[in-house]
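The block underneath contains the structure these notes are about, expressed in structure tokens.
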Amino acid sequence: MNVAVLLLLGLGLLEAEGRCFFSRTQDHCVCYNLSQESVGSIIQCLAATVVEFRGGELERYAAFPISDLDPSTTEMLGSLVIRKIIFGDLLVPEILLAQVLRFFSYTQVQELVFESCIFKGRGNWAEMVSDDLPILSLRFHNVTSAPLTGREQGFSSLSSWLETLQELAVTGSHVTSLPCSIGRLFRALRSLDVAQNSLGDESLMPTFCEGAFPQLQVLSLQCNNLTSYHSVCESMQLLRELQHLDLSQNKLMADPSSSCQWPVALRIFNLSDNGLDEVLTPLPPSLEVLDVSCNHLHAVDISLSSLKKLFLSQNMLQAAPSIRDYPMLDTLHLDNNSITELPWDEVKLLGHLRDVTAAGNPYNCSCSGAGGVQALAGLVHLGQGWPQDYKCHSPPRCQGRLVKDVLVSVLQCNSAAVIAPVCIALILLGVAGTVCLVRSRPGLVRPCLRV
Ligand SMILES: *[C@@H]1O[C@H](CO)[C@@H](O)[C@H](O)[C@H]1NC(C)=O
Ligand SMILES: *[C@@H]1O[C@H](CO)[C@@H](O)[C@H](O)[C@H]1NC(C)=O
Ligand SMILES: *[C@@H]1O[C@H](CO)[C@@H](O)[C@H](O)[C@H]1NC(C)=O
Ligand SMILES: *[C@@H]1O[C@H](CO)[C@@H](O)[C@H](O)[C@H]1NC(C)=O
Ligand SMILES: *[C@@H]1O[C@H](CO)[C@@H](O)[C@H](O)[C@H]1NC(C)=O
């Protein structure tokens with residue numbers, strides 16, 4: 001709508017007051033149900049960098065005669081500071097969109113968002129052929145449109161723009177597949193977010209076909225209909241630049257016979273909330289960030305020498321993983337597991353660890369459980385949950401008390417630390433005593449301890 005509106009503005013069709021609200025602090029302007037009558041209100045939005053249009057009727061503008069702009073209007077469009085435009089709760093006739101999109105080439109808008117919009121009909125994109133648009137990021141959330149399949153030809157008219165686009169999101173829109181030829185248009189795309197759709201295992205291979213998304217670095221397949229870890233891995237083979245893959249909120253299952261290798265550039269991997277009983281393998285070999293939170297893991301027996309961040313919250317772990325297996329680790333999250341103690345000897349090996357959280361575990365405060373946590377609290381930042389969410393679960397007399405408040409007896413809980421010096425002292429005394437005896441033999445009696 002906005003371009004139609006800007007156009008009206010440029011054409012001098014402004015009238016009356018409307019319903020735009022400008023928040024100067026947020027640099028954000030929202031317009032509700034703009035109509036031709038209230039369009040004058042948009043003037044106050046011209047100083048904002050983010051402009052949002054919610055509700056209103058665009059259909060009646062579908063037949064609006066849009067001619068070429070005069071120089072003063074293009075100059076005005078070029079001087080606007082608006083960088084991001086959001087359209088929400090709108091019915092968008094595609095024919096109008098195709099007509100007005102080309103006016104964006106005069107603006108400096110970099111980000112275009114459509115939320116809860118219905119695209120109606122089919123646009124004639126042929127007019128766009130020669131236009132370059134400044135838009136680098138395009139997002140659709142909860143939108144419906146005619147199926148993409150069969151419209152590749154139409155979209156190829158947009159190729160000079162699409163091949164410069166860097167970020168694309170099509171989320172919550174019941175997408176079941178993306179045609180291979182569409183992926184090939186996005187030659188510079190770095191980030192693709194197709195979360196909350198209905199992509200299945202078998203639709204990935206055609207989507208990420210030879211030549212599709214060749215520069216892709218970040219891919220989110222969060223909350224889709226994926227089940228086979230192996231076939232997801234196979235589908236990623238051609239994404240050689242892929243660094244960040246989000247597979248969270250699916251139902252992935254292991255395939256023991258799989259020998260598929262993930263793209264070597266992969267550094268950040270999200271397997272959160274997949275109902276996993278064990279960590280899936282093989283994992284990308286050079287992982288730096290692994291999120292396997294919100295699963296049903298009882299143990300973690302992986303060893304990744306490059307790993308820096310490991311997220312294990314909301315599982316059923318009985319013990320913290322041995323940090324010896326992760327020499328580079330700086331972040332370890334263990335909240336809401338079944339861990340009863342953090343062993344002292346592990347705590348002493350902190351290495352690079354700086355960010356550790358382990359709230360919501362049933363700590364055994366009879367001994368080293370409390371001592372280990374207290375020691376850790378003295379060495380790292382235990383997160384927002386410390387101290388109030390670190391509670392004793394056993395023994396019964398301590399139940400419900402904060403771990404912080406438990407008096408830990410060093411002698412009882414870390415006997416090695418106390419016993420070693422005591423033993424050494426006793427041995428020294430023994431030696432002293434022996435020396436004493438030996439020296440006293442000639443008959444010269446002296447107090448032993450002065451030796
Ligand atoms: C999704 O968009 C439709 C209109 O297309 C709207 O009625 C619905 O409320 C939206 N759903 C959400 C969750 O925003
Ligand atoms: C998810 O995939 C299964 C088969 O793998 C299919 O039966 C089911 O209909 C799919 N669900 C959705 C919502 O697409
Ligand atoms: C993994 O995905 C979940 C959502 O499914 C998100 O909350 C979490 O922050 C992600 N983890 C990382 C490390 O980005
Ligand atoms: C742990 O569980 C509590 C209660 O269910 C929840 O409020 C909290 O967000 C969880 N913390 C994490 C890090 O998952
Ligand atoms: C708590 O720790 C003590 C001493 O280490 C042990 O004897 C006891 O069985 C533990 N209790 C539970 C519930 O694990």
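Predicted, not measured: the structure shown is a model, and the values here were computed from it.
Every residue was checked against the side chain to side chain contact (heavy atoms under 4.5 Å, CB included) condition with Ala319, not counting sequence neighbours, and none meets it. Here Ser23 pairs with Thr25, Gln26 under the side chain to side chain contact (heavy atoms under 4.5 Å, CB included) rule; sequence neighbours left out. Every residue meeting the salt bridge (Lys or Arg N to Asp or Glu O under 4.0 Å) condition with Glu163, not counting sequence neighbours, appears here in chain and number order: Arg187. With sequence neighbours excluded, the residues forming a ring-ring contact (aromatic ring centres under 6.0 Å, His included) with Tyr390 are Trp386, listed by chain and number.
When atom types are taken as modelled, the side chain of Asn361 and the backbone of Tyr363 share no donor-acceptor pair closer than 3.5 angstrom. Of the possible polar contacts, one joining the Ser203 side chain to the Thr176 backbone as a donor-acceptor pair under 3.5 Å is found. A donor-acceptor distance shorter than 3.5 angstrom exists from the side chain of Asn274 to the backbone of Leu252, with no hydrogens or angles considered. With Gln399 contributing its side chain and Pro395 its backbone, the two residues share no donor-acceptor pair below 3.5 Å. The backbone N or O of Gly78 sits less than 3.5 Å from a side-chain atom of Gln108, completing a donor-acceptor pair. Put simply, the side chain of Asn224 gets close to the backbone of Val194: a donor and an acceptor are under 3.5 Å apart.
The distance from atom CD of Glu234 to atom CD of Gln261, rounded to the nearest 0.5 Å, is 10.0 Å. Expressed to the nearest 0.5 Å, how far CD of Glu52 lies from CG of Asp89 amounts to 9.0 Å. Separating the CG atom in Leu80 from the CG atom in Leu46 is a distance of 5.5 Å, to the nearest 0.5 Å. Taken from OG in Ser137 to CG in Leu165, the straight-line distance is 7.0 Å, to the nearest 0.5 Å. Atom-to-atom distance recorded for Glu111:CD and Gln166:CD is 11.5 Å, nearest 0.5 angstrom. Rounding to the nearest 0.5 Å places CD1 of Ile85 at 4.0 Å from CZ of Phe104.
Remark: SG of Cys45 is not found under 2.5 Å from SG of Cys31. Pairing of Cys398 with Cys392 by a disulfide is not supported, the SG atoms lying 2.5 Å or further apart.
Nearest approach of Asn295 to Val292, heavy atoms of both residues: ND2-O, 3.0 Å. For the pair Pro327 and His352, the tightest heavy-atom approach, listed with the atom from each and the gap, is O-CD2, 3.0 Å. Pairing each heavy atom of Leu271 with each of Leu283, the nearest pair is CD1-CD2, 4.3 Å. Among all heavy-atom pairs drawn from Cys223 and Asn250, the shortest one is N-ND2, 3.8 Å. Residues Val373 and Leu342 come closest through the heavy atom pair CG2-CD1, 3.9 Å. Closest of all the heavy-atom pairs between Leu334 and Pro321 is CD2-CD, 3.9 Å.
Counting only residues at least two apart or in different chains, ring-ring contact (aromatic ring centres under 6.0 Å, His included) contacts with residues 287-322 comprise Phe311-His333. For residues 79-123, no residue pair satisfies the disulfide bond (SG atoms under 2.5 Å apart) rule, not counting sequence neighbours.
Using a 4.0 Å cut-off between a side-chain N of Lys or Arg and a carboxylate O of Asp or Glu, Arg139 and Glu115 do not qualify as a salt bridge. Ion pairing between Asp330 and Lys308 fails under the 4.0 Å rule for side-chain N and carboxylate O.
Residues Phe53 and Ile42 meet the side-chain proximity criterion, which asks for heavy atoms closer than 4.5 Å. The side-chain heavy atoms of Val232 and Leu247, taken from C-beta on, include a pair separated by under 4.5 Å. In this structure, the side chains of His141 and Val113 stay at 4.5 Å or more apart for every pair of heavy atoms. Counting heavy atoms from C-beta outward, Ser173 and Asn197 have side chains that approach closer than 4.5 Å. Counting only heavy atoms from C-beta outward, the side chains of Val403 and Cys365 approach each other to under 4.5 Å. When side chains are defined from C-beta on, Leu266 does not count as touching Met236, because their heavy atoms never get closer than 4.5 Å. Using a 4.5 Å heavy-atom threshold, the side chains of Met328 and Ser305 count as separate. Contact annotation: the side chain of Pro93 never approaches that of Leu91 to less than 4.5 Å [non-hydrogen atoms, C-beta and beyond].
A side-chain hydrogen bond (donor to acceptor under 3.5 Å, both in side chains) with Thr357 holds for exactly one of Asp335, Asp389, Asn336; it is Asp335.
At a cut-off of 3.5 Å, with distance as the only test, no side-chain donor of Gln110 or Arg83 sits close to an acceptor on the other residue. A donor and an acceptor atom, one from each side chain of Asp27 and Thr49, are located under 3.5 Å apart. Side-chain contact of Asn225 with Ser198: a donor-acceptor pair under 3.5 Å is absent, judged by distance alone. A donor atom on one side chain and an acceptor atom on the other are found under 3.5 Å apart for Asp201 and Thr227.
Ring-plane geometry between Phe213 and Phe208 is classed as tilted, the angle between the planes lying from 30 to 60 degrees on a 0 to 90 degree scale. Using the six-membered ring where Trp is involved, Phe119 and Phe114 have ring planes that are perpendicular, over 60° apart on the 30 and 60° scheme.
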Take Cys180 and Cys209, measure what disulfide (SG to SG under 2.5 Å) needs, and give me the verdict at the end.
-> CA-CA 6 Å; Cys180 167; Cys209 63; 2.0 Å; yes
Verdict with supporting geometry, Thr107 and Ile82, side chain to side chain contact (heavy atoms under 4.5 Å, CB included) = CA-CA 8 Å; Thr107 69; Ile82 301 173; over 6 Å; no
Would Leu226 and Leu204 satisfy side chain to side chain contact (heavy atoms under 4.5 Å, CB included), going step by step from the backbone distance to the final call?
-> CA-CA 9 Å; Leu226 304 175; Leu204 294 187; 3.8 Å; yes
Chi angles and distances behind the side chain to side chain contact (heavy atoms under 4.5 Å, CB included) call for Leu133, Leu112 = CA-CA 11 Å; Leu133 295 177; Leu112 202 54; over 6 Å; no
Could you check Asp193 against Glu167 for side chain to side chain contact (heavy atoms under 4.5 Å, CB included), going step by step and ending with a plain yes or no?
-> CA-CA 8 Å; Asp193 183 355; Glu167 291 179 16; over 6 Å; no
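Enclosure of atom CD in Glu94 by more than 12 non-hydrogen atoms of other residues, nucleotides or ligands within 6.0 angstrom is indicated. Within 6.0 Å of the CD atom in Gln384, the count of heavy atoms belonging to other residues, nucleotides or ligands does not exceed 12. In His244, the NE2 atom is crowded: over 12 heavy atoms of neighbouring residues, nucleotides or ligands sit closer than 6.0 Å.
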